[in-house]
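Written below as structure tokens is the structure these notes are about.
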Amino acid sequence: MSLMPVDEALERLLESAVPFRTVNEIALGEARGQYLAEAVVSRVDVPAFDNAAVDGVALRYADLGEPGLTLPMPLRIAAGDPPGTLMPGQVARIFTGAPVPSGADTVLMQEDCEIAGNRVRLPGRDTVTAGQNIRPAGQDAARDDTVIGHGQRLTPQAAGLIASVGVPRVRVFSPRILVLTSGDELQAPDESPLPGKIYDSNGPQLEQLLIQSGFPNVQRQHLPDDPAIIHNTLTRALTDPQQRPDVIISTGGVSVGEEDHLRAVLEQQGELDFWRLAIKPGKPFTYGRVDDIPFFGLPGNPSAVLVCYLMLVLPTLRRCCGADNVLPEPFCLPADFSVKKPGKRQEYLRVRCVPKNGALVLEKHPNQSSGMLSSAVWADGLAMVPVGETVSPGSVLAYWPFQVLL
Ligand code: AMP
Ligand code: MG
């Protein structure tokens with residue numbers, strides 16, 4: 001059976017993406033990293049009034065003349081004060097952020113003037129530009145402008161901009177994501193180690209990946225390697241309206257072993273769309289739907305979970321939020337290692353970006369086993385080796401820092 005290329009799988013996933021229906025209105029401070037389900041429209045002009053960009057004096061440009069001209073300064077306007085009015089032939093002491101008084105059209109830096117009590121010695125007109133050091137009303141946002149669109153992510157800068165336009169609450173996509181870990185070998189972290197058992201690492205890893213990429217509404221459940229129990233658990237999750245997820249992500253049980261039951265249950269209870277990709281790690285990746293809910297069947301190996309989530313699941317979740325840029329463009333960096341044997345699958349290597357001879361190069365972790373997570377913790381990102389290609393020192397590879405992907 002041939003393996004589906006990664007690009008084709010991603011294209012199919014993105015085509016199948018339907019907008020999430022679960023939307024929450026929350027306080028801006030709680031919406032960190034989430035995706036906006038509704039554009040944010042400014043309630044005010046920002047800035048609300050023309051204001052000084054520096055500490056100095058405000059005046060009429062036309063009042064300037066030869067260097068050394070001295071004018072009276074009867075007004076003092078600090079940030080938060082009302083603007084006041086400037087008469088011809090006068091200047092006003094003004095501070096950063098303070099409203100420019102009516103009549104003034106220019107602000108000089110205090111370093112360019114000599115302030116002595118209520119009088120100021122001014123520089124010559126030819127050293128000054130009319131309108132300088134004034135931040136005009138509405139330059140950041142005008143009232144009724146859309147400042148952040150639907151499907152945009154709430155970065156810290158976006159949160160600041162939204163707050164600045166007087167909007168305290170936002171509507172965000174809040175899909176309920178059911179994470180199903182599977183395997184009779186798994187035990188919970190608070191149990192003492194039992195023979196033949198391992199601690200579940202996929203559950204905590206996936207939960208953190210989801211939270212960090214803007215999807216905090218995560219429920220976790222464990223499944224044994226028992227088709228009847230898997231079937232019943234899924235049925236319960238789908239029929240209870242309180243529990244019904246928007247997305248299901250499972251780990252393990254989708255490979256070709258006799259104890260891999262998840263794919264069979266998916267086929268029986270829903271539809272399998274595709275299975276087995278030309279991706280390394282992550283070949284058993286499975287995608288389908290149960291009762292119209294997208295179902296991502298990730299492999300069991302923890303580094304395969306990481307790669308499949310970042311390269312396939314997360315772009316799809318982003319598309320369901322209406323985002324355009326679902327997979328960031330990679331950086332192109334030279335490898336400082338070799339891969340001698342051309343592969344049959346597109347490989348994502350755990351690498352680090354390090355300085356060497358004044359430039360950046362990629363260093364590969366010596367152990368790329370899909371069952372290992374320590375190499376994924378050592379790494380700061382993933383480098384991609386296309387199908388059929390080899391790598392020698394200096395070969396340029398696509399590289400995504402984890403921080404950029406998340
Ligand atoms: P499977 O695809 O179910 O055959 O699992 C492949 C490998 O991943 C096996 O070595 C499993 O023990 C391991 N594995 C499966 N699920 C987890 C998990 N939640 N945490 C850590 N390892 C897992
Ligand atoms: Mg298993």
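Whatever order the structure lists them in is the order used to number ligands and atoms, beginning at 1.
At least one heavy atom of G253 lies less than 4.0 angstrom from ligand 1. The shell of residues lying under 4.0 angstrom from ligand 1, judged by heavy atoms, excludes A304.
Closest heavy-atom approach to atom 7 (C) of ligand 1 within the set D200, L373, N301: this belongs to N301.
Taking only nitrogen or oxygen atoms, main chain and side chain alike, E185 reaches within less than 3.5 Å of ligand 1.
Remark: R12 is not positioned above the aromatic ring of Y287, lacking an NZ or CZ atom under 6.0 angstrom from the ring centre and at most 45 degrees off the axis. For the pair R263 and W275, the cation sits on the ring face: its NZ or CZ lies under 6.0 Å from the ring centre, inside 45° of the axis.
Atom CG of residue D225 and atom CG of residue D260 lie 7.5 Å apart, to the nearest 0.5 angstrom. The CG atom of L108 sits 6.0 Å away from atom CG of L64, with the distance rounded to the nearest 0.5 Å.
The atoms of ligand 1 that sit less than 4.0 Å from any heavy atom of G252 are 2 (O), 3 (O). Using a 4.0 Å cut-off to heavy atoms of L186, the atoms of ligand 1 that qualify are 17 (C), 18 (C), 19 (N), 20 (N). The atoms of ligand 1 that sit less than 4.0 Å from any heavy atom of S182 are 16 (N).
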Donor-acceptor pairs under 3.5 angstrom involving side-chain atoms of residues 30-38: please list them, not counting sequence neighbours.
unit_1: Q34; atom_1: NE2; unit_2: E30; atom_2: O; d: 3.3
unit_1: Y35; atom_1: OH; unit_2: R318; atom_2: NE; d: 2.7
unit_1: E38; atom_1: OE1; unit_2: R171; atom_2: NE; d: 3.3

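Here the heavy atom of the protein found nearest to atom 22 (N) of ligand 1 is I198 CD1, 3.4 Å. With hydrogens left out, the protein atom closest to atom 16 (N) of ligand 1 is N202 ND2, 3.4 Å, a heavy atom. Protein heavy atom in closest approach to atom 20 (N) of ligand 1: S201 N, 3.0 Å. Looking from atom 4 (O) of ligand 1 to the surrounding protein, the closest heavy atom is D260 OD1, 3.6 Å. Scanning all protein heavy atoms for the shortest distance to atom 14 (N) of ligand 1 gives G300 O, 3.2 Å.
Salt-bridge formation is not detected for the pair R93/D55: no Lys NZ or Arg NE/NH1/NH2 atom is positioned less than 4.0 Å from an Asp or Glu carboxylate oxygen. A salt bridge links K356 with D336: the closest approach of a Lys/Arg side-chain nitrogen to an acidic carboxylate oxygen falls below 4.0 angstrom. Classification of R352 and E363 as a salt-bridged pair fails, no side-chain N sitting under 4.0 Å from a carboxylate O.
A donor and an acceptor atom, one from each side chain of R350 and S303, are located under 3.5 Å apart.
With a heavy-atom cut-off of 4.0 Å, P284 does not touch ligand 1 at all.
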